[in-house]
Amino acid sequence: MSDPNLSASQSSPQPIHKQGPPIGRWNIFSLLLKNKVLIALLLLCVFFSLSSEQFLRIDNILNVFLQSAIMGIIAIGMTYVVITAGIDLGVGSVVAVSGMIIAGMIISGIPVIAAILVGLVIGMGSGVINGFFITRFNMAPFIVTLGMMAAARSITLVYSDAQTISVYKDPFLQFLRMGNVLGVPVMILITAVLFIIANYVLSNTVFGRHVYAIGSNKKAAEVSGINVKRVEMMVYIIAGVLAGVGGLMMTARLGSGTPLAGVNLELMAIAAVVIGGSSLSGGRGTIFGTLIGVLLINVLNTGMNLMNISSHYQGLIMGSVILLAALIDSLSNKKSK
Amino acid sequence: MMDEAALLKMTGISKSFLGVKALNDVNFTVNRGEVVGLVGENGAGKSTLMKVLSGIYMPDDGRILLEGEPVIFRGPRDAQNFGISTIHQELNLLPHLTVAENIFIQSLPQKRGVLDKKKLLKESQLLLDDLGFGVDPKTLVEDLTVGAQQMVEIAKALSFRSKMIIMDEPTSAITEQETVKLFEIIRSLKSKGIAIVYISHRMEEIYEICDRIIVLRDGRNAGEGLSSSLKPKEIVKMLVGREMTQIFPERERHDLDEVVMEVRNFSREGVFDNISFKLYKGEILGISGLMGSSRTELMESIFGLEHISQGQLFLNGEPVKIKSTSDAISRGIALVPEDRRKHGLINNFSVVQNVTLTTLRNISGFLQKINFKKEREITDRYIAQLSIKTPSGATIISNLSGGNQQKAIIARWLECKPRILILDEPTRGIDIGAKSEIYRIIHDLAAKGTSIIMISSELPEIIGMSDRILVMASGKITGEFSREEATPETIMLSATKGV
């Protein structure tokens, strides 16, 4: 009877992906709104480069990207999950378990490629288990992946007897840790490639479109012939495999499998995804936004260290930034509704 | 004479939503201890009128006199304080709380800031005894049947010392015995001077329980009378009496020979029972029936959205099993759902993205890459063909009007090139201009050989569009009419048969 959607002119444009056709009318305000996180990131960089001369040095910049690599890979998977209105709390622990098992297998003499494959399969398996319980029994992703978080961490501790397994001398892992191509560290390269692929898939393929559709209206997606369960399964598998990749990178970076690797990583990834403009209620988000979110968190971290801000205060500042980002997002959404 | 005794007198009530008049100069009077039946087709304004009466909507115009005093309800609480309670079709109880807690939820007795359980139990027991309703007030509401929950709602209404209780389709979800019990209670309330407004589609019930019947049509009073003197035929006439306007395309008669789909003995426990029918090539098959007749559920079962417990489906003579919506789509069946918002629209998608949602695979190439250009071309074609009014295909669909949203959803399903197109209330909530365009689209499709099933609650629409009409009531087919046989009266009689 009444139709609240008639008010066309007052809603601000909300593109769901940047490759899509230009949407709505543009003005400076909406352009700023759309890129508010990017602007925040730039302002932060300006601030830190003014307050510390080391900030703009090439090694520091590379360091920021290196810091961002593992969190970024995890955040890619998280973006897919979050856009379907899900969440994956298990990825931090899966990073630990696959990283640890890769280290353990290398130590026991298994070829490094085989060890890495096993690590990735473990990541994938965790995704299959999450996806199975979520799609088959309609369980809440929060609870299923919370279970995965506890279980995977526990398996890591059992497998390693809570010890660190050092694989510092493995040549392939050394290459991952220190190698570079044309001056760009391998880890940054891998992460960049993953971001490009993930962005392409999400914004250009049928699968990506289905991910958005499910997140914004699951029932309508089902009525429209989309195999909702399969797409949901896929996003948890993607998150799991990427957690496996994260585990490999973690072990390479630290030179060892450590039982406490990736603690809180899932939470930082969620923060990055949300700062990057994804909505936890689904249907909205971009890989580009997530990249900005990850960089923002790591610029803040590095910058605070450079300024010698006590680590006791860093959490407070980080928390405020996350809250602020979510607040701005929530306010600008309200405006568009 | 009646006016002097009137408990409630509403005069000249009007209410519009975005320029559409839902109520137009409606008068409504209820006397003390009277049971008034409120009757009307879907969209006739019953619910809006009751929402005005229960304080949910403020009327644009008109007066409400309660016991001779003018009153203004600014919210549901206001209406309640004046002694008007509403029992909605979807009950408003808290399932995890007890019967007693539910009854007094708005004024839980307290002693020094703590819930006074003794008093709560004692008072609710009193109320329940008064109603003759034997349930332990400590029972959790979720453990009760819908009928029993309704009694709790009535007890709750009485706890506010209501002078008047509005019951919206109270028997739609309860058993026959529970209905008998409900009627006993209504009679006893009546003897205590409490007035009841009884909204129902079921003619037999209206006659059994109501003293007076008021009919609404298109947001206006269509007539009223005492149930002792008003004949069912007269009511039906008041219900449907509008002129058939020329908004339906001329339909040429054609032969129904080739069966494209046959539904045989479809049953789902408690929903629909032993449904069989055939659908012919190029036919528009109208499905009529009141809310709760399970028309939508039947169609969702054919489309693979819901399961059936029994039955077979034949497409072109071949038995098929449809397990999912994608199954149905690949077999050439499409469904334009009843609830556009919940089952159709992807709200933050553009028009293009909404239109191509089901057929993306057809326009994607290597590695499922979507062909954005083709996507736009397809949509532009539909924008022209269905005259979808939108600034461009890139506009977010929620910025379009209801009618244009509906056309975009129809475009989504046309792009599947279905052989069988099921439309569930295709013109609900859209304006008359868009309606007649949608009729033309449906008509053209059928003329080109697509078989159409159209569910509609609007009788003129069903009669104006269909080659053949099936009427459903309570999960059964209760009538079948050819285009020539169908009249509003015969359909209404079938739709209220046996319920």
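Just so it is clear, the structure is predicted and the values come from calculations on it, not from any experiment. Labels below follow one simple rule: chain letters A, B, ... track the order of the sequence lines, proteins then strands, and each chain is numbered from 1.
For the residue pair Arg268(B)/Ser301(B), the side-chain donor-acceptor check at 3.5 Å is satisfied. In this model, no donor atom of one side chain and acceptor atom of the other lie less than 3.5 Å apart for Asn348(B) and Arg284(A). Side-chain contact annotation: Ser224(A) with Thr358(B), donor-acceptor N/O pair under 3.5 Å absent.
Annotation: maximal heavy-atom pairing with chain A below 4.5 Å, among Ile370(B), Thr325(B), Leu360(B), occurs at Ile370(B). Heavy-atom pairs under 4.5 Å with chain B were tallied for Val223(A), Asn227(A), Ile226(A); the largest tally goes to Val223(A). Among Gly215(A), Ala220(A), Ser216(A), Gly208(A), the residue with the largest count of heavy-atom pairs under 4.5 Å with chain B is Ala220(A).
Only the side chain of Ile329(B) has a heavy atom closer than 4.5 Å to any heavy atom of chain A. Both the backbone and the side chain of Lys369(B) come within less than 4.5 Å of a heavy atom of chain A. For a residue to count as touching a neighbouring chain, one of its non-hydrogen atoms must lie under 4.5 Å from one of that chain's; by this rule Thr356(B) touches chain A with the side chain only. Contacts between Leu367(B) and chain A at a heavy-atom distance below 4.5 Å involve the backbone alone (N, CA, C, O).
In this pair, Tyr212(A) and Phe349(B) present their aromatic rings perpendicular. The plane angle is above 60°, beyond the 30 to 60° band.
Within a 6.0 Å sphere centred on NZ of Lys219(A), other residues, nucleotides and ligands contribute more than 12 heavy atoms.
With respect to Glu377(B) and Lys373(B), a salt bridge is recorded, a charged nitrogen being found less than 4.0 Å from a carboxylate O.
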